[in-house]
Amino acid sequence: MPEIAAPKGTRDILPEEFTARRWLLETHRGVAESFGYRAIETPIIEATELFSRGVGTETDIVEKQMFTFEDRGGRSLTLRPEGTAGTLRAVLGSHLDQEVRPVRVHYAGPFFRAERPQAGRQHQFTQVGIECIGEGSPGLDAEIVEVAWRFFRALGITGIRLQVNSLGGPEDRARYRAALVDYYTPLEASLCDDCRRRLHTNPLRLLDCKRDAGLVAGAPLLWDSLDRASRDHFTAVLRDLEAAGIDAIRNDRLVRGLDYYSDTVFEFWHDTLQGAQSSLGGGGRYDGLAELLGFPATAATGYALGVERILMVARALGTVPGIEPAAETLVCSVEPGQAEAAAGMARLLRDAGARTVLDVADRRLDRKLRGAGRVGARVAVIVGENEVAEDSAVVRDLDGRSQQTVPIAELIATVTRILGGTS
RNA sequence: GUGGCCAUAGCUCAGCUGGUUAGAGUGCCAGGUUGUGGCCCUGGAGGUCGCGGGUUCGAAUCCCGCUGGCCACCCCA
């Protein structure tokens with residue numbers, strides 16, 4: 001019988017990594033809540049239409065990256081590839097925005113994309129994100145960037161390169177798309193294969209091409225297609241970011257892959273991640289998404305960040321806190337005969353709040369004490385024949401290498417004194 | 001989805017141009033110490049050589065397919 005392995009593109013989160021992720025997730029929660037964002041959780045499966053309508057039919061995500069299946073009633077469902085559409089659906093569908101505006105929410109959870117896996121790109125991955133729904137002021141674009149900025153700072157991650165751009169409104173984008181097509185069409189013969197395809201499917205993507213960089217340099221600028229309102233909006237965002245002390249790099253070629261963005265878009269890059277995976281996450285304003293999903297027009301802005309990638313950077317930078325030992329106390333019997341007495345003492349210690357491992361296996365005492373070091377315990381409580389006879393225990397300070405025999409009544413006090421003293 | 005590299009013990013890896021019982025380090029278990037750890041010594045367990053087929057007298061080694069990982073592209077988290 002072959003062993004069953006985790007499905008392709010998925011990974012198990014073992015205790016050590018779990019601890020690091022918890023640190024990251026808790027840090028994000030703390031920063032988001034310090035700005036008044038509240039936690040939300042939405043389903044992992046959604047109607048396929050949520051993404052085909054929201055994210056855009058001709059985007060890569062919807063075209064070829066979704067895990068889609070039919071339920072027993074023949075409805076098409078999809079494992080969510082991103083979080084914004086579902087969150088907006090949840091907030092507007094429940095009329096949360098009728099109570100306060102804007103609605104500020106944060107979330108964390110698994111997402112799924114069927115791309116070829118490699119480091120930092122898995123079928124199942126984790127994102128933390130926030131959405132600010134119900135108001136269109138540029139100050140809120142700056143606010144969410146500031147949340148992310150503080151989040152990275154709280155993790156101790158330096159060297160973040162924040163890229164910002166404005167895509168303008170739908171009309172601006174249509175105008176720009178036309179300008180790009182006008183520019184590239186005469187050059188079509190000299191384009192690379194990918195670009196020739198992009199010219200007809202998704203002209204904005206032409207700006208991403210590395211091979212035709214020379215042509216990109218001469219392409220029309222997005223900024224020139226923006227109307228007055230979008231220019232003012234973006235100028236205000238840049239001003240607010242500067243006021244917040246955030247270094248934003250204007251990148252006229254930054255075009256995010258999802259159709260629903262309008263005006264402000266941004267991405268966070270870091271150089272310790274190699275090439276294709278240099279993006280830690282991004283976001284932007286998506287004032288048009290609500291209507292695409294059938295809700296009243298509602299302005300909104302938000303971001304999503306990749307937990308696994310950020311963890312890779314934090315690890316490379318050495319900012320991940322050391323893992324806590326599994327237990328601070330180990331209680332062991334000398335022989336199996338003292339198992340019950342030892343178990344009783346372990347209960348006392350746990351009641352007193354000490355994380356305690358019990359080892360009453362039938363093996364040599366020195367092996368059990370070796371185990372104490374392995375779980376990270378700083379105190380060993382040893383119970384043998386003599387101790388049972390006189391209702392006492394040997395309390396050994398594993399760091400100080402000293403020990404004493406104490407009555408059970410003094411066990412807790414003795415152990416907590418040692419634990420308190422060394423920490 | 002396209003192209004390339006890789007897959008040997010729990011972990012990190014060696015195994016030359018196919019040759020007999022597949023190795024090391026580390027970890028694990030045990031003994032040295034019939035009640036005392038992080039060092040040391042000794043011994044032991046543990047491997048369908050990713051899976052399936054083919055070539056050959058003989059395959060961990062060569063060929064094909066599959067699965068999985070990694071890298072690049074695509075794109076993004």
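On a predicted model such as this, the values are computed, not experimentally measured, just so you know. Protein chains get the first letters and strands the later ones, always in sequence-line order, with residue 1 at the start of each.
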Whole Å only: how far is the [atom1] atom of [X] from the [atom2] atom of [N]?
X         : N       : atom1 : atom2 : value
Phe125(A) : rC75(B) : CZ    : P     : 17 Å
Phe266(A) : rA77(B) : CZ    : P     : 11 Å
Gln122(A) : rC71(B) : CD    : P     : 10 Å
Phe152(A) : rA77(B) : CZ    : P     : 12 Å
Phe111(A) : rC75(B) : CZ    : P     : 23 Å

What's the gap between [N] and [M] when it is taken at their [atom1] atoms, as a whole Å value?
N       : M       : atom1 : result
rA59(B) : rG52(B) : P     : 15 Å
rG10(B) : rU67(B) : P     : 25 Å
rG4(B)  : rC40(B) : C1'   : 48 Å
rC16(B) : rC63(B) : P     : 14 Å
rA45(B) : rU36(B) : P     : 28 Å
rC66(B) : rC74(B) : P     : 25 Å
rC62(B) : rU8(B)  : P     : 15 Å
rG15(B) : rG47(B) : C1'   : 14 Å

| note | Sorted by chain and residue number, the side-chain contact (heavy atoms from CB on, under 4.5 Å) partners of Asp240(A) (sequence neighbours excluded) come out as Ala142(A)

| said: Could you work out, with side-chain contact (heavy atoms from CB on, under 4.5 Å) as the rule, every residue matching His123(A), not counting sequence neighbours? | reply: Lys8(A), Phe67(A), Pro117(A)

Close N or O pairs between protein and nucleotides 4-11 of chain B (under 3.5 Å):
none

Mind checking salt bridge (charged side-chain N to carboxylate O under 4.0 Å, His left out) for [X] and listing every partner two or more places apart, or none if nothing turns up?
X         : value
Arg363(A) : Asp359(A)
Arg21(A)  : Glu308(A)
Asp366(A) : Arg364(A)

| query | Between Ala6(A) and Glu335(A), which has a closest nucleotide on RNA chain B that is more 5'? | reply | Glu335(A)

| message | Can you work out whether Asp362(A) or Ala114(A) has the more 5'-proximal nearest nucleotide on RNA chain B? | response | Ala114(A)

At under 4.0 Å between heavy atoms, what does [X] touch on the DNA or RNA strands: base, sugar-phosphate, or nothing?
X         : result
Glu387(A) : base
Gln403(A) : base
Glu267(A) : nothing
Gly83(A)  : nothing
Val307(A) : nothing

Verify the contact: side-chain N or O of [X] to OP1 or OP2 of [N], cut-off strictly under 4.0 Å; return yes or no.
X         : N       : answer
Arg364(A) : rG37(B) : no
Arg396(A) : rG35(B) : no
Gln118(A) : rA72(B) : yes
Arg363(A) : rC29(B) : yes
Arg256(A) : rA77(B) : yes

| query | Are any non-hydrogen side-chain atoms of Leu241(A) and Val145(A) less than 4.5 angstrom apart? | reply | yes

| request: Would you check if Arg173(A) and Leu204(A) make a side-chain contact, meaning some heavy-atom pair closer than 4.5 Å? | output: yes

| By a strict heavy-atom criterion of less than 4.0 Å, which residues belonging to residues 41-48 of chain A are in contact with RNA chain B? | none

| Has the side chain of Asp366(A) got a donor or acceptor that lies under 3.5 Å from a partner of the other kind on the base of rG35(B)? | no

| query | Side-chain donor or acceptor of Arg121(A) under 3.5 Å from a matching atom on the base of rC71(B)? | reply | no

Choosing from [options], which nucleotide comes nearest the side chain of [X]?
X         : options                   : answer
Val334(A) : rC70(B), rG27(B), rG35(B) : rG35(B)
Arg374(A) : rG35(B), rG1(B), rG27(B)  : rG27(B)
Gln65(A)  : rC75(B), rG37(B), rC29(B) : rC75(B)
Arg309(A) : rG35(B), rG69(B), rC76(B) : rC76(B)
Asp399(A) : rC74(B), rC76(B), rG38(B) : rG38(B)
Leu369(A) : rG37(B), rG35(B), rC76(B) : rG37(B)
Ala119(A) : rU36(B), rC70(B), rC74(B) : rC70(B)
Arg401(A) : rG35(B), rC29(B), rG38(B) : rG38(B)

Salt-bridge criterion met for [X] and [Y] (N-O under 4.0 Å):
X        : Y        : answer
Glu70(A) : Arg75(A) : no
Glu33(A) : Arg38(A) : no
Arg53(A) : Glu49(A) : yes

N/O to N/O distances under 3.5 Å, protein versus nucleotides 39-45 of chain B:
none

Just by modelled atom types, is the [Y] backbone N or O under 3.5 Å from a matching donor or acceptor in the [X] side chain?
X         : Y         : result
Arg350(A) : Thr356(A) : yes
Glu82(A)  : Thr84(A)  : yes
Arg378(A) : Leu419(A) : yes

| task | Supply the atom-to-atom distance Cys132(A) SG to Arg104(A) CZ, rounded to the nearest 0.5 angstrom. | result | 4.5 Å

| message | Per the salt bridge (Lys or Arg N to Asp or Glu O under 4.0 Å) rule, what does the pair list look like for residues 331-343 of chain A, sequence neighbours excluded? | response | none

| message | In dot-bracket form, 5' to 3', how is RNA chain B paired? Count Watson-Crick and G-U wobble pairs only if both distances fall under 3.5 Å, and write | where the partner sits on another strand. | response | (((((((..((((.....[...)))).(((((.......))))).....(((((..]....))))))))))))....

Which donor-acceptor pairs under 3.5 Å do the side chains of residues 402-411 of chain A make with protein atoms, sequence neighbours left out?
unit_1    : atom_1 : unit_2    : atom_2 : d
Gln403(A) : OE1    : Arg396(A) : NH1    : 2.8

Tabulate below the donor-acceptor pairs under 3.5 Å that side-chain atoms of residues 311-332 of chain A make, not counting sequence neighbours, or state none.
unit_1    : atom_1 : unit_2    : atom_2 : d
Thr319(A) : OG1    : Leu155(A) : O      : 2.9
Glu328(A) : OE2    : Arg355(A) : N      : 3.0

